[in-house]
Amino acid sequence: MNNPHHLNPTSLKSRFTTRFLRALTKIRAQKPISSSSPTEIFRRYRRIKAAADKSMAYSVRSRRIWSRAMLWKLRSRSYRRQDPCSGRRSGKTNQAIMKKSSNENTTTRREDGVGFVEEADELRQLVPGGETMNLCNLLDETAHYIKCLTTQVQVMKKIADFYSF
């Protein structure tokens, strides 16, 4: 009954694997590899990366700040690509909100300790949505984000191993 080769359908790894494989299948069906030019390789890399990010964020659902921020970022990118009138950046409103929220957290950051301010600011740049988080939430979201990235790497390694033979 406890077969290690079968994933628990409710686990993060299982949800991510299912979504990611489905996304890879769509990418492959959209446009077969026609050339190995650096431009084509880069485009394919970007599609795969976006599929991996989107699959992970959807697998986590909207329970986490980082997943909501990542999904918003991916949606706004695709909206800008599809909108022919998108000469202007549609993210201006969100940037203003993030800046306001970031200014509200300034006093909290100083209370957290002077030595950690620079490191926390660097961490805020790495975690999606981290710009608006206080230190406690930032650490919690970072731990979960690292767990998800580890899962993503494990799944991608298994896929690469499977197709490398």
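Nothing fancy with the numbering, it's 1 onward along the sequence.
- Of the possible donor and acceptor atoms, one in the side chain of Thr18 sits under 3.5 Å from a partner among the backbone N and O of Ser14.
- Closest of all the heavy-atom pairs between Ala51 and Ile27 is CB-CD1, 3.9 Å.
- Annotation: side chain to side chain donor-acceptor pair (under 3.5 Å) contacts involving residues 147-165, sequence neighbours excluded, comprise Lys13-Gln154.
- Within the 4.5 Å cutoff, side-chain heavy atoms of Met133 are placed close to those of Val127.
- Among all heavy-atom pairs drawn from Leu12 and Ser59, the shortest one is CD1-CB, 3.9 Å.
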For this session: Starting from the C-alpha separation in whole Å, work towards a yes-or-no answer on side-chain contact (heavy atoms from CB on, under 4.5 Å) for Val155 and Leu21.
Result: CA-CA 10 Å; Val155 170; Leu21 288 174; over 6 Å; no
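- The distance from atom CE of Met156 to atom CG of Leu24, rounded to the nearest 0.5 Å, is 7.0 Å.
- Through direct or relayed side-chain contacts under 4.5 Å between Ile, Leu, Val, Met, Phe, Trp and Tyr, Leu71 connects to Tyr58.
- Take Tyr45 and apply the ring-ring contact (aromatic ring centres under 6.0 Å, His included) test, not counting sequence neighbours, and it matches Phe42.
- Take Ser62 and apply the side chain to side chain contact (heavy atoms under 4.5 Å, CB included) test, not counting sequence neighbours, and it matches Arg68.
- Listed here is the closest heavy atom pair of Ile65 and Gly129: CG2-O, 4.3 Å.
- Between atom OG1 of residue Thr142 and atom CG of residue Leu126 there is a gap of 8.0 Å, rounded to the nearest 0.5 Å.
- Shown here for Met70 and Ala57, the closest heavy-atom pair between the two residues is SD-CB, 4.1 Å.
- In this structure, Arg19 contributes its side chain and Met56 its backbone to no donor-acceptor pair below 3.5 Å.
- Rounding to the nearest 0.5 Å places CG of Leu123 at 11.0 Å from CD of Glu131.
- Residues satisfying the side-chain hydrogen bond (donor to acceptor under 3.5 Å, both in side chains) criterion with Asp140, sequence neighbours excluded, are Arg64.
- Shown here for Gly130 and Leu138, the closest heavy-atom pair between the two residues is CA-CD1, 4.2 Å.
- Nearest heavy atoms, Pro128 versus Tyr145: CD-CZ, 3.5 Å.
- Rounding to the nearest 0.5 Å gives a distance of 7.5 Å between CD of Gln125 and CG of Asp121.
- Among residue pairs with one or both ends in residues 50-62, those qualifying as salt bridge (Lys or Arg N to Asp or Glu O under 4.0 Å) are Lys49-Asp53; sequence neighbours excluded.
- The shortest side-chain heavy-atom distance between Arg124 and Thr132 does not fall under the 4.5 Å cut-off.
- Hydrophobic clustering of Ile, Leu, Val, Met, Phe, Trp and Tyr side chains at less than 4.5 Å, counting indirect connections, unites Leu149 with Trp66.
- Phe20 and Val153 sit in two unconnected hydrophobic clusters of ILVMFWY residues. Membership requires side-chain heavy atoms under 4.5 Å apart, directly or through other members.
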